[in-house]
Amino acid sequence: MSQSTDLQNRTLTIKKTFDAPVEIVWEAWTQPEHIAQWWAPKGMKVNVVEHDFHVGGKWKYTIPMPDGSEFISDGVYSVIVEPEKIFSSANFRPMTEGVEMQVFFERDGEKTNFTFNCIHATEEYCRQQEKMGFYNGWGTAFERLAAMASALSK
Amino acid sequence: METRRDIFQAIADPTRRAILALVALHAMTPGAIAAQFDSKRQTISKHIQILQECELLTPKQTGREIHYHLNPVKMKEVSDWAEQYRRLWEEKLDSFERYVMELKTKKQKK
């Protein structure tokens, strides 16, 4: 499997065009008071616990569940170029960890072309998996299995 | 109503994912699987049972021993996990879009 195909298989891409200028889209995506309004699924409340919007800064949002547990999203910003792009590591507990999020904003007059990439697992994990002969296109769900198995068998 | 075991619930558990990773490398007996973990053998048996109920593991009798194999057909269902995320993200981004439009309207009024 070639590297680019591999990356495609691990990447979830969603493209949208918003009928709003890039400044507004950027503001809605990056300001904590706005994030609190759209991040949580309908009817749920999100707590913006941390929001250090700088390269190397940490963000953490929690969504309390009715059963008392929490759905936790957190990560560290790695690239911020206003108003063009934001890259960040991300964990969505308890669903998945070690994801990279890439968000691109492209000015299109009074509209904004928006691209969202969610890349599952790192190159490093995939290399480990390849080494063990495990990675065979089953995809993201088992991205961490091989690493775990090797840790357990030590 | 009887609820069937959910495959995604089955793989939500780290021990069960580790079991699948082991068996993916080669078929194993329950004893050999249990030997890889610090947990009680009973605990591992319970995990194996759940994976078997979801048909992620298939038992095959060889002489007196049972070897567990990974079921590739069932694993295919899991491979669409990224698609599960897609739905979640699409909902989130739809919610974002609604909010952007609200914000735009608010700003225009100012």
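Numbered from 1 within each chain, the chains take letters A, B, ... in sequence-line order.
- How far SG of C118(A) is from NZ of K92(B): 11.0 Å, rounded to the nearest 0.5 Å.
- Residues L93(B) and I35(A) share a single hydrophobic cluster, defined by chaining ILVMFWY side chains whose heavy atoms lie under 4.5 Å apart.
- With a threshold of 4.5 angstrom between heavy atoms, Y99(B) approaches chain A through side-chain atoms but not through N, CA, C or O.
- Aromatic ring orientation, W89(B) versus F116(A): tilted (interplanar angle from 30° to 60°).
- The two residues D19(A) and M101(B) make their nearest non-hydrogen contact at O-CE, 3.3 Å.
- Within 6.0 Å of CD in Q61(B) there are more than 12 heavy atoms belonging to other residues, nucleotides or ligands.
- The hydrophobic cluster containing F87(A) does not contain F114(A), counting ILVMFWY residues as joined when their side-chain heavy atoms lie under 4.5 angstrom apart, directly or transitively.
- In the hydrophobic cluster analysis, where Ile, Leu, Val, Met, Phe, Trp and Tyr join through side-chain heavy atoms closer than 4.5 angstrom, Y61(A) is grouped apart from V76(A).
- Screening F105(A), W38(A), W39(A) against F96(B) for a ring-ring contact (aromatic ring centres under 6.0 Å, His included) leaves a single residue, W38(A).
- For T13(A), the part lying near chain B is the backbone, with the side chain staying farther off; criterion is any non-hydrogen pair under 4.5 Å.
- Hydrophobic clustering of Ile, Leu, Val, Met, Phe, Trp and Tyr side chains at less than 4.5 Å, counting indirect connections, keeps F104(A) apart from Y77(A).
- Neither the backbone nor the side chain of E91(B) comes within contact range of chain A; no heavy atoms are under 4.5 Å apart.
- Heavy atoms of D38(B) lying under 4.5 Å from chain A are absent altogether.
- Of the two parts of K107(B), only the side chain, counted from C-beta on, holds a non-hydrogen atom closer than 4.5 Å to a non-hydrogen atom of chain A.
- Sparse packing is recorded around NZ of K111(A), with 12 or fewer heavy atoms of other residues, nucleotides or ligands lying under 6.0 Å away.
- In this structure a side-chain-to-backbone donor-acceptor pair under 3.5 Å is missing from K104(B) to I24(A).
- In the hydrophobic clustering of this structure, F53(A) does not group with V79(A); members are Ile, Leu, Val, Met, Phe, Trp, Tyr whose side-chain heavy atoms approach within less than 4.5 Å, directly or through other members.
- Ranking H34(A), E27(A), K16(A) against chain B, the residue ahead of the rest is H34(A), based on heavy-atom pairs under 4.5 Å.
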